[in-house]
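Worksheet: one structure, shown below.
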Amino acid sequence: MNAKENHTKLIKQEAIRLGFLSCGISKAGFLEEEAPRLEKWLNNNMNGQMSYMENHFDKRLNPTLLVDGAKSVISLLLNYYPSEFQNEDSYKISKYAYGQDYHFVIKEKLKELLHFIQTEIGEVSGRAFVDSAPVLDKAWAAKSGLGWMGKNTNLITQKVGSFYFIAELIVDLQLEYDTPTTDHCGSCTACIDACPTEAIVAPYVVDGSKCISYFTIELKENIPTEMKGKFDDWVFGCDVCQDVCPWNRFSKSHNEPLFQASPELLSFTKKDWEEITEEVFKEVFRNSAVKRTKLEGLRRNVAFLK
């Protein structure tokens with residue numbers, strides 16, 4: 001086994017030991033296929049008020065502009081599919097927000113992985129990314145064979161579905177590179193048919209400005225009145241296009257203690273959401289991604305559903 005093969009094997013083994021679902025590696029370079037797609041999406045204003053999507057266009061498409069001398073993009077998946085679900089008489093939040101904020105949980109694991117690489121392999125420079133910088137994580141994960149981009153634009157994997165986070169380590173180390181997998185959506189249009197706001201405007205194209213996740217998290221002003229009655233009780237994010245995906249029949253619950261939902265959240269009723277106080281918000285969502293929308297944002301979302 002040559003050094004490159006050996007290093008690749010070591011990294012993948014350590015990723016699994018740290019609790020990642022899978023690890024794929026691709027050569028760092030310009031994402032040629034993504035460039036026209038991203039440009040068209042932005043030109044059609046499908047990012048709505050997410051103006052940050054327009055920033056760092058070149059960096060989004062080329063990781064060598066983010067990490068000096070970058071040679072490899074190590075993509076990692078971390079399962080978040082829960083074993084217990086919210087009370088049926090409740091407004092709904094995306095499953096990814098049940099537990100502690102994934103940014104912190106994954107960042108720690110990535111730091112450990114980078115430390116392992118530097119200890120076992122030698123002087124390697126790199127940076128960890130958890131959707132916090134201009135990196136097209138789904139494109140990189142697909143490039144490294146971890147799944148394919150579904151018609152709902154989520155990364156989908158045959159044996160596990162799509163309820164997982166994607167993160168990257170971009171390093172200046174040459175490794176063995178994986179190859180993309182094939183698309184297994186076939187003629188299925190379940191996600192397109194089920195989207196409550198018709199945000200999936202064509203197969204593989206989501207108009208971000210029509211998505212329930214956008215309205216409940218990113219939008220800072222009032223939700224447009226024409227969306228009234230279309231939110232299907234979602235107050236933070238939306239999982240509809242994943243819930244209906246046939247591949248998610250294979251989802252298995254995660255084993256990350258930090259992603260466990262609190263008993264308070266699981267027992268919340270609609271009345272609890274409608275009467276939520278600052279104290280309860282701070283207690284139940286202390287380390288949660290739900291804090292992104294702030295209490296007033298959450299109250300606005302709840303009021304919109306009533």
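One-based numbering along the sequence shown. Predicted, not measured: the structure shown is a model, and the values here were computed from it.
Tracing side-chain contacts under 4.5 Å through hydrophobic residues (I, L, V, M, F, W, Y), one never reaches L77 starting from L114; they form parts of separate clusters. Under a hydrophobic-cluster definition in which Ile, Leu, Val, Met, Phe, Trp and Tyr are linked whenever side-chain heavy atoms come within less than 4.5 Å, directly or via other members, L175 and L146 are assigned to different clusters. Hydrophobic clustering (ILVMFWY, side-chain heavy atoms < 4.5 Å, transitive): I156 and Y204 are in distinct clusters. Both L265 and Y81 are part of a single hydrophobic cluster, where members link through side-chain heavy atoms under 4.5 Å apart. Hydrophobic clustering places V130 together with L18 (ILVMFWY residues linked when any side-chain heavy atoms are closer than 4.5 Å, directly or through intermediates).
The NZ atom of K27 sits 14.5 Å away from the CG atom of D178 when rounded to the nearest 0.5 Å. Within the model, atoms CG of L76 and CG of L110 stand 6.0 Å from one another, a figure rounded to the nearest 0.5 Å. One finds the CH2 atom of W140 at 13.5 Å from the CD1 atom of I166 (value rounded to the nearest 0.5 Å). Of the inter-residue distances, the one linking I25 atom CD1 with S75 atom OG reads 9.0 Å to the nearest 0.5 angstrom. Atoms OG1 and CG, from T269 and D272 in turn, are 3.5 Å apart once rounded to the nearest 0.5 Å. The CD atom of E176 lies 10.5 Å from the CG atom of N6; values are rounded to the nearest 0.5 Å.
Applying the side-chain hydrogen bond (donor to acceptor under 3.5 Å, both in side chains) test between Y91 and each of Q86, E274, K270 identifies E274 as the sole match.
A salt bridge links R292 and E218; the closest N-O separation between the charged side-chain nitrogens and carboxylate oxygens is under 4.0 Å. A salt bridge is defined here as a Lys NZ or Arg NE, NH1 or NH2 lying under 4.0 Å from an Asp or Glu carboxylate O, and K138 with D131 fails to meet this definition. Under 4.0 Å is where a charged nitrogen must lie from a carboxylate oxygen, and between K109 and E112 no such pair does. A salt bridge links E34 with R37: the distance from a Lys NZ or Arg NE/NH1/NH2 to an Asp or Glu carboxylate oxygen falls below 4.0 Å. Comment: K92 engages D232 in a salt bridge, judged by a side-chain N to carboxylate O separation of less than 4.0 angstrom. Here K282 pairs with E278 in a salt bridge; the nearest charged N to carboxylate O distance falls below 4.0 Å. For the pair D239 and K95, the salt-bridge criterion is met [side-chain N within less than 4.0 Å of a carboxylate O]. Salt bridge annotation for E275-K271: present, with a cationic side-chain nitrogen under 4.0 angstrom from a carboxylate oxygen. Looking at E14 and R17, a side-chain N of the basic residue comes within less than 4.0 Å of a carboxylate O on the acidic one, giving a salt bridge.
Within a 6.0 Å radius of CD in E226, more than 12 heavy atoms belonging to other residues, nucleotides or ligands are found. The environment of CG in N2 is crowded: more than 12 heavy-atom neighbours from other residues, nucleotides or ligands sit within 6.0 Å. The neighbour count for E5 CD, taken as heavy atoms of other residues, nucleotides or ligands under 6.0 Å away, is above 12. Counting heavy atoms of neighbouring residues, nucleotides and ligands inside a 6.0 Å radius, atom CG of N43 exceeds 12 of them. The number of heavy atoms from other shown groups lying within 6.0 Å of CD (E198) does not exceed 12. Within 6.0 Å of NE2 in H184 there are more than 12 heavy atoms belonging to other residues, nucleotides or ligands.
Remark: F104 pairs with no residue by the ring pair (Phe, Tyr, Trp, His ring centres under 6.0 Å) rule, at least two apart or across chains. With sequence neighbours excluded, the residues satisfying ring pair (Phe, Tyr, Trp, His ring centres under 6.0 Å) with Y102 are Y96, F165.
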Practice prompt. Evaluate the side-chain hydrogen bond (donor to acceptor under 3.5 Å, both in side chains) criterion for residues S144 and Y177: first the C-alpha distance (whole Å), next the side-chain angles of each, then the deciding distance (0.1 Å), finally the verdict.
Written response: CA-CA 7 Å; S144 65; Y177 301 125; over 6 Å; no
Discussion item. Go through it in stages, so that I can follow the logic: the residues are S162 and Q242, the test is side-chain hydrogen bond (donor to acceptor under 3.5 Å, both in side chains), and I'd like the CA-CA distance, side-chain angles, deciding distance and then a yes or no.
Written reply: CA-CA 7 Å; S162 63; Q242 294 193 85; 2.7 Å; yes
Discussion item. Go through it in stages, so that I can follow the logic: the residues are Y164 and T157, the test is side-chain hydrogen bond (donor to acceptor under 3.5 Å, both in side chains), and I'd like the CA-CA distance, side-chain angles, deciding distance and then a yes or no.
Written reply: CA-CA 10 Å; Y164 43 66; T157 309; 2.7 Å; yes
Item to complete: Test side chain to side chain contact (heavy atoms under 4.5 Å, CB included) on F85 and L266 and set out the steps.
Response: CA-CA 6 Å; F85 300 89; L266 295 178; 5.7 Å; no
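Nearest heavy-atom pair across R286 and K291 is O-NZ, 2.9 Å. Between A289 and A97, the shortest heavy-atom distance links the atoms CB-CB, 4.4 Å. Minimum interatomic distance between F215 and P224 (heavy atoms only, all atoms of both residues): CE2-CD, 3.7 Å. When all heavy atoms of I212 and P196 are compared, the closest pair comes out as CD1-CG, 3.8 Å. Closest heavy-atom contact between A15 and C23: CB-CB, 3.9 Å.
A cation-pi arrangement is present between K228 and F304 under the rule of less than 6.0 angstrom and at most 45 degrees off the ring axis.
V160 has its side chain out of reach of N79: every pair of non-hydrogen atoms, C-beta onward, lies at least 4.5 Å apart. Looking only at side-chain heavy atoms (C-beta outward), E168 and I74 stay at 4.5 Å or farther from each other.
Side chain of D172 to backbone of S125: a donor-acceptor contact under 3.5 angstrom is found.
Taking the six-membered ring for Trp, W273 and F268 have ring centres closer than 6.0 Å.
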